[in-house]
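For reference, the structure is listed below as structure tokens.
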Amino acid sequence: MKFISTRKSLAVGIEDAIMSGTAPDGGLYVPELLPERHIDEFRSADSFHEIAALWLQPFFADSVLEPELAAICSDALNFPIPVTSLEQGDTPLSVLELFHGPTAAFKDVGARFLAATMVRIIESGKSCSASITIIVATSGDTGAAVAAAFHRRPGVRVVVLLPDGRVSPRQQHQRTCWGDNIISLAVSGEFDDCQRLAKEAFADCKLNEAHHLCSANSINVGRLLPQSAYYAAASIRHFRATGEKTSFVIPTGNLGNGLACVWARRMGMPIGDIVFATNANTTIPDYLLNGEWVPRSSVATLASAMDVGDPSNMERLQLLNTDVDQMRQEFSAVTVSDETIKATIADEYQRHEIAWCPHTATGFHAYRMLPESRRRNNHWVVVATAHAAKFDTIVEPLLGTSIAAPAELAELLTWPSQYETISASLDEIASRL
Ligand SMILES: *Cc1c(COP(=O)(O)O)cnc(C)c1O
């Protein structure tokens, strides 16, 4: 299979699409076609990583990774991704739990898959170099997930750029506790300074020649594809058991997770409705309402990993739907304020004694707002994107109780934090490579 840029100027193999991240014409890589699949093709597969390997096979056809795909999936997707039933009866509700990876957020899925593919591309000699340096600028969960995924992987070094002291203590810890091949640099400044520095580094020929810089950001198609696999697996399993479709509510920021679900449905999976829940960054709901795509600067909210005012993956969705009426057929979108996020966390805890993270709370609110006619006799699944323990400083005061961290996160919190603080200049980064 070939991958083409959303701006259509060229087609490359999946190895190039993964190693280069974005296309040289500034567009985003997408598969040249979304192959039609039938659930019977997955009859032999039981575990998530087996379903994922079958699901992803057409995308990897004729690449050096094709024979390795089963191994890549069992290496990268080695944690549970369960759908748990929360409410039964004629308005059944379940949760897709994407937070059982090493850093307790769904970004582990894409980051681990990307790492497993990148190291194999390097080993195969199909990359430009036998060793690469990945630079990530991070405000949300990406830095931690990428650091965890590449930690101690051969041939790869990761530089994590984070704004000095502007994140929660636990988030800061998760990005800085690695050591070995992970270099954490706290940049004096804001997230925008980190992002500018990363861009400057990628544009610097000398640095690129010396260190073979790569990006691992969320628009890499190697992160999106495995995300579509959990929508496929969840809907296949439910259809096998009941003959029914599954509808999803997806907490949404840059639209990667949402696009992955749209792709799975387009490829023939038994998926019903798709609802995107956003925070106070309303670019997507405003577009459905007004019919005009108006990107803007992001505003800070409690669901910080969704603070995106110009969702990049819209460019990919626009290839599938050329006008807003088609988009309205594809999905709906609900915006959720910080006040409502707080109220929802408290309310859902009262209902089920489960603490949800602020991102997941947007999904619960969007679900509760659906008219009963849409909920009745329809299998709805809210996508839980992170564990509440990652956002303890927000969630614990609301509930007046402490939230136990999952085992892997608890272990990370015992590792010593190690990072250097630098001023916001490219020379400072260069001198540490
Ligand atoms: C990144 C992230 C999101 C948003 O996902 P997109 O793919 O950017 O839409 C939601 N929740 C959490 C916890 C995240 O880390």
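Whatever order the structure lists ligands and atoms in, that order sets their numbers, starting from 1.
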* Asked: Can you list the ligand 1 atoms lying under 4.0 Å from a non-hydrogen atom of Thr252?
  -> 9 (O)
* **Charged N-O contact under 4.0 Å between Arg351 and Asp347** => yes
* What atoms of ligand 1 come within less than 4.0 Å of a heavy atom belonging to Gly256? -> 6 (P), 7 (O), 9 (O)
* Do any N/O atoms on Lys107 end up under 3.5 angstrom from N/O atoms on ligand 1? -> yes
* Structure fact -> atom 7 (O) of ligand 1 sits nearest the protein heavy atom Asn257 N, 2.9 Å
* Asked: Looking at atom 8 (O) of ligand 1, what's its closest protein heavy atom, distance included?
  -> Asn254 N, 2.8 Å
* To do: Assess the side chains of Gln174 and Thr103: does a donor N or O sit below 3.5 Å from an acceptor N or O?
  => no
* Structure fact -> Note: ligand 1 atoms sitting under 4.0 Å from heavy atoms of Ala386 are 13 (C)
* Asked: Which word best sums up how the rings of Trp55 and Phe42 line up, parallel for under 30°, tilted for 30 to 60°, or perpendicular for over 60°?
  -> tilted
* Asked: If we ignore angles and hydrogens, is there a donor and acceptor under 3.5 Å between the side chains of Arg223 and Asn220?
  -> no
* To do: If you have a sec, work out which protein heavy atom is nearest atom 11 (N) of ligand 1 and how many Å separate them, to one decimal?
  => Thr385 OG1, 2.9 Å
* Asked: So which protein heavy atom does atom 3 (C) of ligand 1 come closest to, and at what separation?
  -> Phe106 CE2, 3.5 Å
* To do: Apply the test side chain to side chain contact (heavy atoms under 4.5 Å, CB included) to residues Thr282 and Leu289: give CA-CA distance (whole Å), side-chain angles for both, the deciding distance (0.1 Å), then the verdict.
  => CA-CA 10 Å; Thr282 58; Leu289 212 59; over 6 Å; no
* **Sub-3.5 Å N/O-N/O distance, Ala305 and ligand 1** => no
* Asked: With distance as the sole criterion, is a donor-acceptor pair present between the side chains of Thr176 and Ser417 under 3.5 Å?
  -> yes
* To do: Name the closest protein heavy atom to atom 9 (O) of ligand 1, giving the residue it belongs to and the distance to 0.1 Å.
  => Gly253 N, 2.7 Å
* To do: Report the nearest protein non-hydrogen atom to atom 10 (C) of ligand 1: residue, atom name, distance rounded to 0.1 Å.
  => Met306 CG, 3.5 Å
* To do: Answer with yes or no whether the side chains of Thr91 and Glu372 bring together a donor and an acceptor at under 3.5 Å.
  => no
* Would you mind telling me which of Asp307, Asp310, Asp286 makes a salt bridge (charged side-chain N to carboxylate O under 4.0 Å, His left out) with Arg296? => Asp286
